Amino acid sequence: GFGSIVHAKDQTSSDSEKFQIVGSTEANTMELKLSNESPIGNARLGKKRNDTVTVEPPRGAKKKFKITKIEQP
């Protein structure tokens with residue numbers, strides 16, 4: 001949900017990432033705050049730990065991520 005910090009692992013590269021899901025007015029990629037309306041943020045809304053999500057960014061290939069941890073605000 002909003003404000004949650006999501007930890008995810010790219011299923012292809014094994015890279016890990018962490019970001020916070022925020023509203024569109026708070027979004028700031030430099031601060032790792034992604035909008036709930038963005039493809040990446042929206043794909044992870046309502047998901048839980050160990051879920052796998054597929055994201056299709058505006059540019060580039062589809063990516064699969066496994067959610068490894070969710071921190072509530």
Side-chain angles (χ1 to χ4, degrees):
F2 285 100
S4 297
I5 296 173
V6 178
H7 299 252
K9 186 174 185 177
D10 186 314
Q11 296 296 280
T12 303
S13 68
S14 295
D15 290 339
S16 294
E17 62 179 43
K18 175 178 89 167
F19 62 88
Q20 185 173 21
I21 298 176
V22 298
S24 60
T25 59
E26 299 174 82
N28 183 328
T29 55
M30 298 301 288
E31 294 178 9
L32 300 176
K33 293 182 177 182
L34 300 181
S35 168
N36 64 308
E37 297 174 8
S38 72
I40 295 172
N42 188 35
R44 293 183 173 124
L45 278 177
K47 302 298 185 215
K48 57 187 181 230
R49 187 174 178 262
N50 293 323
D51 282 352
T52 301
V53 296
T54 301
V55 177
E56 189 166 352
R59 291 181 289 245
K62 289 183 186 179
K63 292 188 173 195
K64 277 191 175 184
F65 293 92
K66 182 174 183 178
I67 297 173
T68 57
K69 182 178 177 182
I70 299 174
E71 298 176 45
Q72 299 301 325

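Predicted, not measured: the structure shown is a model, and the values here were computed from it.
A 4.5 Å side-chain heavy-atom check between Glu71 and His7 finds at least one atom pair inside the cut-off. You'll find the side chain of Leu32 stays beyond 4.5 Å of the side chain of Lys18, heavy atoms only. Put simply, the side chain of Lys66 reaches to within 4.5 Å of the side chain of Asn50, judged on heavy atoms.
To the nearest 0.5 Å, atom CD of residue Glu56 and atom NZ of residue Lys62 are 5.0 Å apart. Rounding to the nearest 0.5 Å gives a distance of 11.0 Å between CD1 of Ile21 and NZ of Lys47. Rounding to the nearest 0.5 Å places CG of Asn42 at 8.5 Å from OG of Ser35. For the atom pair OG of Ser16 and CZ of Phe65, the computed distance is 10.0 Å after rounding to the nearest 0.5 Å. One distance of note links OG1 of Thr12 with NZ of Lys64; it measures 8.5 Å at 0.5 Å rounding. One distance of note links NZ of Lys9 with OG1 of Thr52; it measures 11.5 Å at 0.5 Å rounding.
Considering Asn36, Val22, Leu45, Ile70 in turn, Ile70 is the only one that fulfils the side-chain contact (heavy atoms from CB on, under 4.5 Å) rule with Ser4.
There is no path of hydrophobic side-chain contacts, each under 4.5 Å, that joins Phe2 to Ile67. If you chain together hydrophobic residues whose side chains sit under 4.5 Å apart, Val53 and Phe19 fall into the same group.
When atom types are taken as modelled, the side chain of Gln20 and the backbone of Gly3 share a donor-acceptor pair closer than 3.5 angstrom.
Across Lys69 and Arg49, no two heavy atoms sit closer than the pair N-CG, 4.4 Å.
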